[in-house]
Amino acid sequence: MPARPEPRPGVMQIEAYVPGKSAAKGVHKIHKLSSNETPLGPSPRALQAYRDTDHLELYPDGTAARLREAIGSKYGLDPARIVCGSGSDELLTLLTNAYLGPGDEGIYTEHGFLVYRIAILAAGGTPVVAKERDCRVDVDAILAAVTERTRIVYLANPNNPTGTYVPFDEVKRLHAGLPPQVLLVLDAAYAEYVRRNDYEAGLELVATSENVVMTRTFSKIYGLASLRLGWMVGPAHVVDAVNRIRGPFNVNGPAIAAGIAAVQDEAHTAAALAHNERWLAWLTGEIEALGLTVTPSVANFLLIHFPAKAGRGAKDADAFLTARGLILRRVEAYGLPEALRLTVGSEEANRLVVAALAEFLKAPVHA
Ligand SMILES: *Cc1c(COP(=O)(O)O)cnc(C)c1O
């Protein structure tokens, strides 16, 4: 008998998720470009709805009915097929707990979002990693990793931290190759940013199959990361399973109120999208012109690759930028030790990053 309580197998294998930094020592003004938050902030209407929420002594509506109706009418979905969560992270964890346990396998891709790995291990399952090709998801590698123990395949589309996406034809090919008992989770946290004709977030597959779920978030283009709000849509039987295990009041009242206003403020979302389109293209071009490699991104961030040379690597660049108040994200935990992820920021922040990178690349290297 152990002398003290022992966590279940798998728990101590988890490397706790490390959020993007938000401070730099000794630097007065910082630009946080490390967690893919929108530089435009939330819709003023969402902020007002949040501030107008009173009666904090009362429990919120545990089914978030009005929010599910607002989401349903925006996307043409049956609100009964929607579940809201405290961020989509919670929904990813709930799906994992509902469908995967000890001895079961969950598949995600080489540079895929790390929350999947944490959820699988926390549920006592076995993480299985499918190789990518040049920071792109390889559908054949995922299909080759499927065994009779596979329960869930997680696909972030677009993926974080690479910013690449899987065209809809390929998502359909992936789905067609999966056994019917495997749940395909399409994590579309950045769907609103994608401007590609061959992209589809997942609604069509959810509507036409019994084993596909799509998750979405209010943390990115809607600018409500601090409130923790996400949603999923899926077949009735999956919605039923998730509703049985979620906390009865998992979404708070201010989040419900702000979420409703946010989905209805289409002008604000359009402004955030227009800002991103302009500055994603500008940043990509300017950073490539400095001689660095940038993975082509369709999201609101981009992955910058540094040469593995003394004094010029990602770690050096990170220290140089942080000292100037520019906080990017190191991604070594994602198998990308020589890359940094940059969130598209305000015009001021974007210009400062490019100028600082130029300075970094010219600075003498001290051995
Ligand atoms: C940011 C992000 C999410 C959203 O998480 P929330 O819990 O909704 O804040 C989900 N998936 C990916 C891939 C992300 O990058």
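Atoms within each ligand, like the ligands themselves, are counted from 1 in listed order.
Counting atoms of ligand 1 from 1 in the listed order, those under 4.0 Å from a heavy atom of Ala189 are 2 (C), 3 (C), 10 (C), 11 (N), 12 (C), 14 (C). Taking a cut-off of under 4.0 Å to the non-hydrogen atoms of Gly87, the atoms of ligand 1 that pass are 6 (P), 7 (O), 8 (O). Within the listing of ligand 1, atoms 6 (P), 8 (O), 9 (O) sit less than 4.0 angstrom from a heavy atom of Ser219. For ligand 1, the atoms closer than 4.0 angstrom to any heavy atom of Lys220 are 1 (C), 2 (C), 3 (C), 4 (C), 14 (C), 15 (O).
For a threshold of 3.5 Å applied to N or O pairs, the pair formed by Glu90 and ligand 1 contains no separation below that value. Where the criterion is an N or O separation shorter than 3.5 Å, residue side chain and backbone included, Tyr116 fails it with respect to ligand 1. Residue Ser86 places no N or O, backbone or side chain, under 3.5 Å from any N or O of ligand 1.
Of all protein heavy atoms, the one closest to atom 7 (O) of ligand 1 is Arg228 NH2, 2.6 Å.
Between Val153 and Val185 there is no side-chain heavy-atom pair separated by less than 4.5 Å.
Ring geometry, Tyr222 versus Phe218: the interplanar angle falls from 30° to 60°, so the pair is classed tilted. Aromatic ring pairs are classed by plane angle as parallel below 30°, tilted from 30° to 60° and perpendicular above 60°; the pair Trp282 and Trp279 is perpendicular.
Using a cut-off of 4.0 Å between Lys/Arg side-chain N and Asp/Glu carboxylate O, Glu110 and Lys131 are scored as salt-bridged. A salt bridge between Arg133 and Asp138 is present, with a side-chain N of the basic residue lying under 4.0 Å from a carboxylate O of the acidic one.
Checking Ser88, Ser35, Ala299 against atom 10 (C) of ligand 1, the nearest heavy atom belongs to Ser88.
Taking the six-membered ring for Trp and the full ring otherwise, Tyr190 and Phe301 have centroids separated by under 6.0 Å. Taking the six-membered ring wherever Trp is involved, the centroid distance between the rings of Tyr154 and Tyr108 does not fall below 6.0 Å.
Side-chain polar atoms of Arg329 and Asn36 form no donor-acceptor pair below 3.5 angstrom.
The shell of residues lying under 4.0 angstrom from ligand 1, judged by heavy atoms, includes Asp187.
With a 4.0 Å cut-off on non-hydrogen atoms, Asn160 touches ligand 1 through its side chain and not its backbone. Contacts between Phe218 and ligand 1, counted as non-hydrogen atom pairs separated by less than 4.0 Å, are absent for every part of the residue.
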